[in-house]
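All remarks here apply to the structure that follows.
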Amino acid sequence: MSKVRIMTGNQAAAVGATLSGVQVVAAYPITPQSQLAEIMSQQIEGGKLKAEYVRVESEHSAMTVCISASTVGARVFTATSANGLLYMHEQLHWAAGARLPIVMCCVNRGVGAPWTIFNDQQDSLSQRDTGWLQIYCRNNQEILDTVIQAYRIAEKVYVPVMVCFDGFVLSHTMMPVYIPDAGAVRKFLPPYKPHTILSPEDPRNINPVLFPGRRENTEGVLCDGYMEMRYKLFAALDGARDVIIETDEAFAEAFGRRHGGMLWEYLTEDADVILTGIGSIASEATVAADLLREEGVKAGVVGIRVFRPFPKEDVRRALRKARAVVTFEKAVSYGYEGGLCSDLKAALYGTEVKAAVHGCIAGLGGRDVKARELAEAVKASLADIDDGRTEKTLWLNCFTG
Amino acid sequence: MPANLFKVNEKEYILPGSRACQGCGLSLAYRYMLKALRENTIVTLPACCLCVLQGMYPSTPVLVPALNNSFASTAASASGLVAGLQALDRSDITVVAMAGDGGTFDMGIQALSGAAERETDFIYVCYDNEGYMNTGTQRSSATPLGALTTTTPILTKQQHKKDFIKIVEAHDIPYLATVSPAYPIDLYDKFVKAKKIKGTRYIHIYAPCPPGWTYPPKDTVKMGRLAVETGVAVLFEVEDGKFRLTGRSKTLAERGNRLPVINYVEKQGRFRRMNIEQLNQLQAWVDRKWDEYIKRADQG
Ligand SMILES: Cc1ncc(C[n+]2csc(CCOP(=O)(O)OP(=O)(O)O)c2C)c(N)n1
Ligand code: SF4
């Protein structure tokens with residue numbers, strides 16, 4: 001039986017990991033993730049979860065522990081934020097390259113220098129090309145449910161999954177959350193069965209040096225070269241879309257909640273302009289859409305739930321009737337624009353969808369973003385688009401001189 | 001007498017045709033080490049010569065399962081293996097982390113210190129060839145004073161070798177030992193002993209390297225012996241805090257017939273730019289360390 005509890009996003013993530021029956025946890029504290037690392041140690045020391053907790057001396061080691069424990073066949077969990085995630089960077093590539101189904105929560109926070117402990121998404125978005133699948137949550141229920149879903153997805157496609165949620169906005173905010181029944185979770189997520197296990201019974205040399213070309217093994221079978229392995233990782237992410245959608249559907253069937261698969265939509269059916277974003281800023285955009293509709297602007301919202309693999313088919317479908325799209329992003333690619341804005345434009349390029357796309361950078365380092373400000377930015381963009389200005393990057397609510 | 005003099009495991013765990021250089025001291029040590037540790041072992045290793053020795057995909061000459069890792073992560077990887085195996089009820093397997101001096105003294109030190117402090121149940125093996133050999137003989141903090149490397153190509157290394165073993169010992173681990181492939185039975189005995197002990201164990205292999213040190217491949221054992229006979233390398237073990245000289249170092253201490261370091265230095269091309277002042281400094285440094293060891297041996 002499900003039960004409802006009031007909890008923070010960090011607590012919801014910890015409940016999700018506990019229900020997923022993780023066997024090894026390794027984490028290093030960093031605001032705003034710390035509470036999550038603490039709860040996991042409480043669960044394990046208190047005997048509520050039978051698992052090994054490795055109190056590592058760094059995030060690089062946290063990910064290394066996950067990599068090695070996963071290689072011998074354990075289900076593993078970690079979590080981090082901001083500079084902790086950046087410190088892991090080398091090992092993020094390693095985990096994905098080794099095709100390990102690791103699940104990690106990234107409690108999104110801005111990165112230094114200068115220091116900020118407050119929320120934006122520069123940390124995880126700058127890890128875009130590490131080969132990890134990235135799912136962003138918009139409320140605490142979705143965090144709990146997504147952690148469970150993430151293991152099922154990761155263990156099907158052999159790609160690590162980053163479950164991202166906004167620091168403080170979700171991590172430290174209490175919300176009612178349904179806790180699914182443990183037995184039902186076990187049915188939804190059976191124990192991890194690795195494709196290859198590192199064990200003395202079947203000795204092998206894992207993650208060795210490769211030559212550029214394909215090579216025969218001792219039995220004369222032609223084996224992959226480095227590039228074939230990279231292609232397989234690429235194809236695995238590309239093909240993960242179906243698994244993500246199927247998993248969300250199966251979850252809905254088992255627990256009565258769905259979170260949108262690749263993306264979620266709000267009032268898009270007849271929308272003239274669509275606001276889009278990742279995580280909690282997309283939730284804020286729904287309030288902005290309501291405000292705009294009160295003023296007669298037909299606005300809708302597309303919340304990007306999965307950023308990698310990029311939901312290209314899904315955005316094309318969701319945006320097909322819109323005249324204009326405005327992205328609101330808590331990260332930026334310096335020297336260009338917001339990464340979501342670029343990806344969206346690329347997904348629409350050459351298709352039937354002719355919407356103009358404007359990008360707004362907002363809420364960096366925890367800068368407050370109000371629904372009213374999003375709505376005003378949309379109205380300004382619409383006016384610009386009417387004037388024929390198809391491209392624009394705006395730093396919302398920021399003194400730019 | 002060595003404990004296993006007539007009982008060395010006859011099985012070979014490294015098949016002919018590894019990619020290590022001719023006369024590689026690391027290979028020789030690895031061969032005896034695996035014989036001592038036997039089948040129920042997993043090795044984790046970073047980028048280094050050992051990684052090349054392990055072979056290029058899809059073949060390997062080594063019969064023991066191995067996990068390759070990034071450069072800084074060897075001991076953390078062992079922590080992960082230990083935790084994973086514990087969670088899966090396979091803690092009977094011996095977990096070995098093995099890295100070069102670069103991956104231990106320099107980049108891997110943090111992970112090793114963390115794993116040792118957590119009393120992780122594994123054996124850490126550092127094979128010390130005194131430089132970054134895999135990337136082409138660059139200086140490491142294990143390179144001795146006066147040695148030429150490709151990043152100290154003209155002036156030679158200006159500092160002494162880091163006394164890393166002291167740093168490891170400061171972690172109060174249950175077993176620490178130094179070995180040389182030139183004395184395989186001493187090496188074998190120590191690995192057999194280490195395997196039986198619980199907790200973090202550290203074994204330091206002093207591994208001569210023909211191309212890195214510039215001497216003919218046939219002289220690896222000779223170079224290993226000279227290192228010990230001059231006191232540049234000292235064979236000992238520390239078991240639960242009790243220090244003991246072993247093998248050749250023990251007899252040298254008893255007989256007081258240690259050779260001058262010049263006998264060792266003059267045989268290696270890497271010291272060809274060493275000046276007399278550096279030679280004296282190296283001798284004084286070796287003497288000081290040797291005296292410390294003798295004092296400890298007397299105290300037990
Ligand atoms: C993060 C990182 N930096 C640099 C390297 C390049 N690199 C590979 S092996 C190596 C040196 C290894 O030296 P050591 O650990 O002493 O082992 P050896 O090569 O002597 O066997 C270096 C610098 C790397 N693999 N990773
Ligand atoms: S460079 Fe030295 S340590 Fe490396 S394989 Fe060759 S001999 Fe062995």
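Just so we're on the same page: letters track the sequence lines, and every chain starts at 1.
In this structure, B:A83 and A:V54 approach most closely via the heavy-atom pair CB-CG2, 3.6 Å. Listed here is the closest heavy atom pair of A:V65 and B:A76: CG2-O, 3.4 Å. Between B:Y57 and A:C223 the shortest heavy-atom distance is CE2-CB, 3.7 Å.
For A:E90, the part lying near chain B is the side chain, with the backbone staying farther off; criterion is any non-hydrogen pair under 4.5 Å. Interface residue B:R19: only side-chain heavy atoms are found under 4.5 Å from chain A. Only the side chain of B:I42 has a heavy atom closer than 4.5 Å to any heavy atom of chain A. Heavy-atom distances place the side chain of B:I93, and not its backbone, under 4.5 Å from chain A. In this structure, the portion of A:V24 lying under 4.5 Å from any heavy atom of chain B is its side chain and not its backbone.
The CD1 atom of A:I67 sits 8.5 Å away from the CG atom of B:L67 when rounded to the nearest 0.5 Å. Rounded to the nearest 0.5 Å, atoms CD (A:Q91) and OG (B:S73) are 4.5 Å apart. Taking OG of B:S91 as the start and CD of A:E52 as the end, the distance is 9.0 Å to the nearest 0.5 Å. Expressed to the nearest 0.5 Å, how far OG of A:S70 lies from CG of B:L81 amounts to 11.0 Å.
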Report the C-alpha separation of A:E57 and B:R118 in whole Å, then their side-chain angles, then the decisive distance to 0.1 Å, and conclude whether the side chain to side chain contact (heavy atoms under 4.5 Å, CB included) test is met. CA-CA 10 Å; A:E57 78 298 331; B:R118 292 190 297 272; 3.0 Å; yes

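Using a 4.5 Å cut-off on side-chain heavy atoms (C-beta onward), B:N69 and A:S68 make contact. Counting heavy atoms from C-beta on, the side chains of B:M56 and A:L210 never come closer than 4.5 Å. Side-chain atoms of B:S79 and A:V56, non-hydrogen and from C-beta on, never get closer than 4.5 Å to each other. Between A:R204 and B:T60, the closest side-chain pair of non-hydrogen atoms is not below 4.5 Å. A:R215 places a side-chain heavy atom less than 4.5 Å from the side chain of B:P58. Taking the side chain as every heavy atom from C-beta outward, A:P200 and B:E39 never approach each other to under 4.5 Å.
Look at B:R90 and A:E201 and you find a salt bridge, because one of the NZ, NE, NH1 or NH2 atoms lies within 4.0 Å of a carboxylate O, short of that distance.
More than 12 non-hydrogen atoms from other residues, nucleotides or ligands lie less than 6.0 angstrom from CD of A:E228. The 12-atom threshold is not exceeded at CZ of A:R186, counting heavy atoms of other residues, nucleotides or ligands nearer than 6.0 Å. More than 12 heavy atoms of other residues, nucleotides or ligands sit less than 6.0 Å from atom OH of A:Y158. Enclosure of atom CD in B:E12 by more than 12 non-hydrogen atoms of other residues, nucleotides or ligands within 6.0 angstrom is indicated.
By number of non-hydrogen pairs under 4.5 angstrom with chain A, the leading residue of B:S70, B:S59, B:A87 is B:S70. Among B:S113, B:G55, B:S77, B:C51, the residue with the largest count of heavy-atom pairs under 4.5 Å with chain A is B:S77. When each of A:N217, A:N207, A:D202 is checked for heavy-atom pairs under 4.5 Å with chain B, A:N207 comes out on top. Chain A forms more heavy-atom pairs under 4.5 Å with one residue of B:V43, B:V52, B:T44, B:L85 than with any other, namely B:L85. In terms of heavy-atom pairs under 4.5 angstrom with chain A, the leader among B:A47, B:G84, B:A66, B:G114 is B:A66.
A side-chain donor from one of B:N68 and A:N205 sits under 3.5 Å from a side-chain acceptor of the other. In summary, the side chains of B:Q110 and A:S58 do present a donor paired with an acceptor at a separation below 3.5 Å, with no hydrogens or angles considered.
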